[in-house]
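Proteins come first, then strands; the chains are lettered A, B, ... in the order of their sequence lines, and each starts at number 1. All values derive from a computational prediction rather than experimental measurement.
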Amino acid sequence: MLTLRPSQPISLPTPPPVSRLNRSANRPPSCSLTFNHSTSPATATEVSNNQLIQSLCKKGDLRRALSLLSQESNPSQRTYELLLLSCSRNRSLPNGIAVHRHLSLNGFDQDPFLATKLINMYSELDDLQSARRVFDEIHDRTIFVWNALFRALTLAGYGEQVIELYKRMNERGILSDRFTYTYVLKACVAAEGGTVLFKEGKEIHGHILRHGYEDNVHVMTTVVDMYARYGCVGYAERVFGEMHDKNVVSWSAMIACYAKNGMAYEALELFREMMAEECADNAPNSVTMVSVLQACAALSALEQGRLIHGYILRRGLDSILPVVSSLMTMYGKCGKLDVAQHIFDRMDVRDVVSWNSLISGYGIHGFGEKAIDIFREMIRSGTSPSPVSFVSVLGACSHAGLVEEGKALFDSMAKEHGIHPNVEHYACMVDLLGRANRLDEAAAIIQGMRIEPGPMVWGSLLGSCRIHGNVQHAERASDKLFQLEPKNAGNYVLLADIYADARMWDEVKTVKKLLETRGLQKVPGRSWIEVKRKIYSFLSVDEINPQIEQLHALLLELAREMKEEGYTPPTRIVLYDLDVQEKESILLGHSEKLAVAFGLINTSKGEAIRITKNLRLCEDCHSMTKFISKFTSREILVRDINRFHHFRDGVCSCRDYW
DNA sequence: CACGAGGAAG
């Protein structure tokens, strides 16, 4: 709004020509600590000049505003406020520093109101040191000043510093307000290097209850979110359950908590509950829908997803970009790539995330070339790739074995797009080379990294070693991984698998022992299938399903047919010390096979079977599913942790490269 | 005078 405040005179003499104003520029700066805007009455010229600067700021014409500033003898606090805001908006740090200097010289350097504005500006222009200096130099630290610095440091990921300052604030007896709590809670999960300050977060939760903020919906929602990010779903549930006032944000936070922590089923359940209770204050909105769609995607719950899509259309949320991207991702992960493409084609406005969604969709389905085409089309159409674009397209190359293309894209990142590879990009490259059995090159990439490799990179190497049975690289990678993430059971299992593959049974035993002594458990294989809007989940050695005997019988028969065609089950991948017969029966009990058998029995003949699995598909399941697709003339789609396998007529879309 | 909560691509 460009209208002037009613308290200010509307009719003013037109601003004098510039030459008349210059006289004020040479005045000595005021050094008094009291604010001269209140001590010296402004002349009509100054008032009008203030207003001119202000309106230029509002129009976004920072350049002219600044040139007027140099002629203005008595800028007001409001003028400085708008100037600072304008500097943030124009992303101009040098101008911001100039305004800062100007206001200091005019005696505003101890104004707490402008101090918070300065801190905000420096925060937005990523100059945390200057923000900190403003804080250090101001004597009258109102809670606003503290909050501004907390906010700045939290946004920049300096959680530890926030908590340290918060402690100091408490020691000085300064009382937090509701804003302080939201910032310091966020600080606990925004610490450097992704570490979290769990103990501190719980303590602050205690402070909040002691100071009577347990009914503040903003604060308590932040508490829920904090526990969600810690992965403490139980705590989040309890806090959420005890909240008196819940609104759409609190519900969304709890749904997101489930969706993010591998509890997609619970996320959908809570969404249902939310719909049942729906009132004006908690009607689901676009943010809610994003998490709900993520949950559908995680479960491959296509029917659920379609229902949600219908709801989104009815609520008119279908033109909100994050919703559309989530829809595309959901359809892609449910095996409906064509629908994702269709949605994309019909979009009026796209952003880089829309493109990335499509690229990764093609990537997980194994269409590497198509993914690269879309990536190029995105650039041609004028959208600059983001770091995630490269993760998506490199991942696509990796799934399709497009090594040279991937290497070229990786090289182009910094050269052509000014994006410096991060750990994830390196992990993609290690994966790309490793899967193609170029493990020495993959190791060389790690060697040459300018940043710390981190568990993701070593994990990629170890995974590739599992595929190609390379013990030497595996030992090096697992050494690193056992240091970096000693509690990740998957790494131990991978190494044991690799040893077993090489028939190094003593080593297998050692690794299994290590797993036990550290109190870790192998993540059990789980597969699920949606039949008539219901999701059926299977564990290996499943006894719960009422049809279990029928499933086993069917699988046995199929296995017999396979053997007649000359198939020998790869029993070496079973890590237990058993005879061949028992090993075969363990293989036959894998959750993915149970889910396929369940699909064969409970869906109609022409219908495709869609399965989702929480781990990488094992060799035997892969072979058997290929066989089943031919033997029963069924299309079978399996999404494993990495990608899709589209089985049809005895062939898999991954061309046995996964 | 002012500052807040949940969400997209991997």
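Residue contacts for A/R350: at a heavy-atom cut-off of 4.0 Å it reaches no nucleic acid atom on any strand shown. As judged by a 4.0 angstrom heavy-atom cut-off over every strand, A/S389 is placed among residues making no nucleic acid contact. In this structure, A/V224 reaches neither bases nor backbone, as no heavy-atom distance under 4.0 Å exists between it and the strands shown. As judged by a 4.0 angstrom heavy-atom cut-off over every strand, A/K260 is placed among residues touching the sugar-phosphate backbone only. Nucleic acid contact class of A/T180 (heavy atoms, under 4.0 Å, all strands): none. Counting non-hydrogen atoms under 4.0 angstrom, A/T116 reaches a base of the nucleic acid.
Partners of A/H399 under the ring pair (Phe, Tyr, Trp, His ring centres under 6.0 Å) rule, at least two apart in sequence or in another chain, do not exist in this structure. For A/S252, the side chain to side chain contact (heavy atoms under 4.5 Å, CB included) criterion is met by A/V248, A/N285, A/T288, not counting sequence neighbours. Taking A/H309 as the reference, A/Y331 meet the ring pair (Phe, Tyr, Trp, His ring centres under 6.0 Å) condition, with sequence neighbours excluded. Under the ring pair (Phe, Tyr, Trp, His ring centres under 6.0 Å) criterion, A/Y213 pairs with A/Y181, sequence neighbours left out. Legend: residues meeting side chain to side chain contact (heavy atoms under 4.5 Å, CB included) with A/A253, ordered by chain and number and at least two apart, are A/T221, A/V224. Shown here are the ring pair (Phe, Tyr, Trp, His ring centres under 6.0 Å) partners of A/F375, two or more places apart in sequence or in another chain: A/F390.
On the nucleic acid side, DNA chain B has its first and last nucleotide under 4.0 Å of a heavy atom of chain A at B/dC1 to B/dG10, going 5' to 3'.
Here ring pair (Phe, Tyr, Trp, His ring centres under 6.0 Å) pairs that include residues 263-300 of chain A, with residues two or more places apart or in two chains, number zero.
For an aromatic pair to be called close, the ring centres must be under 6.0 Å apart, and A/Y227 with A/Y235 satisfies this.
Using a 4.0 Å cut-off on heavy atoms, the residues of residues 146-154 of chain A that approach DNA chain B are A/N147, A/R151, listed by number.
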